[in-house]
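Counting convention: from 1, in listed order, for ligands and their atoms alike. Start at 1 with the first residue, then count along the sequence.
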Amino acid sequence: MNLNLTNQVAIVTGASRGIGRAIAELLSQEGMRLVLAARSEADLKHVAESCKTETVIFPADLRDEKNPQLLIDFAISQFGQIDLLVNNAGATKRGDFLQLSEDDWQDGFALKFYSAVRCIRAAWPHLSKSQGSVVNIVGIGGRTGSADFAIGGAVNAGLLNLTKVLADKGITDGVKVNAINPGYIATDRLKSRITALAAEKGISADQAALELADSLGVKRFGNPAEIAAAVAFLASGVSGYCQGTILDADGGRTRTL
Ligand SMILES: NC(=O)c1ccc[n+]([C@@H]2O[C@H](COP(=O)([O-])OP(=O)(O)OC[C@H]3O[C@@H](n4cnc5c(N)ncnc54)[C@H](OP(=O)(O)O)[C@@H]3O)[C@@H](O)[C@H]2O)c1
């Protein structure tokens with residue numbers, strides 16, 4: 001299937017590793033020109049080197065209120081257009097509700113919620129002009145609460161609602177806005193958890209991964225490339241009638257409607 005993304009311009013936040021890296025690499029394979037954001041300049045350079053199309057990097061802390069606007073300005077200065085914004089940067093601290101500090105809450109919302117709000121607000125006129133798209137990478141914790149994921153759950157629920165709000169606005173303004181809820185994806189963080197479990201139980205990493213997946217109610221963990229494929233679909237005209245769609249890419253973990 002030809003997604004017709006060649007030469008379009010995408011901004012991917014949190015592109016230095018994990019899911020964001022996979023998204024950047026796949027969009028590049030599909031011919032998109034890229035602006036990649038995260039804090040680590042070295043990691044971003046590394047990802048940019050693996051991209052086949054024109055790719056520029058914007059190393060910055062997106063919790064800083066002024067940086068989302070600067071990122072969008074940078075993208076326009078480099079390419080003169082924005083066709084896709086992928087809000088992927090995010091890290092929220094897990095833990096018991098009573099142990100989470102005021103700073104933990106502020107930090108979780110500052111990165112994953114407010115940076116997305118600010119990036120979308122700054123990019124919106126450009127996306128409206130290009131009739132472009134926003135894809136928010138959110139998470140299944142936004143639908144299903146769990147005791148050790150208070151911050152992530154609240155942030156994700158907020159982002160899912162914002163996706164619906166902006167999808168409504170996008171009907172008028174010509175911007176397609178959708179979200180993906182990844183389930184348990186095998187990024188470095190999860191791999192470390194599997195390695196630790198394997199060492200603790202004296203079993204192989206493969207066996208530990210199977211046992212962990214089983215305990216979480218899925219057959220296997222997802223690959224970052226599977227989330228990237230969903231982004232490419234939502235970025236393309238193939239998904240032209242998806243507006244405010246929340247796509248659970250979670251191996252069947254979410255059983256509720
Ligand atoms: N992996 C999963 O199983 C899973 C499940 C559900 C949802 N998600 C969501 O999917 C997204 C990506 O997850 P992931 O597992 O790929 O995460 P990850 O491996 O921890 O990568 C996070 C990315 O965000 C960047 N980042 C972190 N803090 C930042 C800051 N202050 N300013 C700018 N960039 C920052 C990181 O780069 P730097 O450190 O260089 O800044 C990195 O590129 C997140 O929003 C996460 O909540 C993941």
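- Residue N88 holds the heavy atom nearest to atom 45 (O) of ligand 1 of all those in V86, I137, I23, N88.
- The nearest protein atom to atom 6 (C) of ligand 1, hydrogens excluded, is given as P182 O, 3.3 Å; this is a heavy-atom distance.
- By the 4.0 Å N-to-carboxylate-O rule, R63 lies close enough to D107 to be salt-bridged with it.
- Taking the charged nitrogens against the carboxylate oxygens, D248 and R143 do have a contact shorter than 4.0 Å, which makes a salt bridge.
- Residues W124 and L166 come closest through the heavy atom pair CH2-O, 3.4 Å.
- Contact annotation: for A60 versus ligand 1, heavy atoms closer than 4.0 Å belong to the backbone alone.
- The closest approach between a heavy atom of L190 and any atom of ligand 1 is not below 4.0 Å.
- Below 4.0 Å from some heavy atom of L111 lie the following atoms of ligand 1, by number and element: 27 (C), 28 (N), 29 (C), 30 (C), 31 (N), 32 (N).
- With a heavy-atom cut-off of 4.0 Å, A38 touches ligand 1 through backbone and side chain alike.
- The part of V138 lying near ligand 1 is the backbone, judged by heavy-atom distances below 4.0 Å.
- Both the backbone and the side chain of I19 come within contact range of ligand 1, each with a heavy atom under 4.0 Å.
- Taking every heavy atom of S40 and a limit of under 4.0 angstrom, the matching atoms of ligand 1 come to 40 (O).
- Within the 4.0 Å heavy-atom criterion, the part of K112 lying near ligand 1 is the side chain and not the backbone.
- Looking at S28 and T53, their side chains do bring a donor and an acceptor atom within 3.5 Å of each other.
- The local environment of CD in Q69 is crowded, with over 12 non-hydrogen atoms from other residues, nucleotides or ligands closer than 6.0 Å.
- Remark: E211 engages K201 in a salt bridge, criterion side-chain N to carboxylate O under 4.0 Å.
- At the top of the distance list for atom 18 (P) of ligand 1, counting protein heavy atoms only, stands R17 NE, 3.7 Å.
- Contact annotation for I185 and ligand 1: heavy atoms of both the backbone and the side chain come within less than 4.0 Å of the ligand.
- Among protein heavy atoms, atom 4 (C) of ligand 1 sits closest to G183 O, 3.8 Å.
- Salt-bridge check for E226 with R220: passed, with a basic side-chain N closer than 4.0 Å to an acidic carboxylate O.
- Looking at E49 and K45, no side-chain N of the basic residue comes within less than 4.0 Å of a carboxylate O on the acidic one, giving no salt bridge.
- Looking at atom 15 (O) of ligand 1, its nearest protein heavy atom turns out to be R189 NH2, 3.0 Å.
- If you look at A15 next to ligand 1, the close heavy atoms, those under 4.0 Å, all belong to the backbone.
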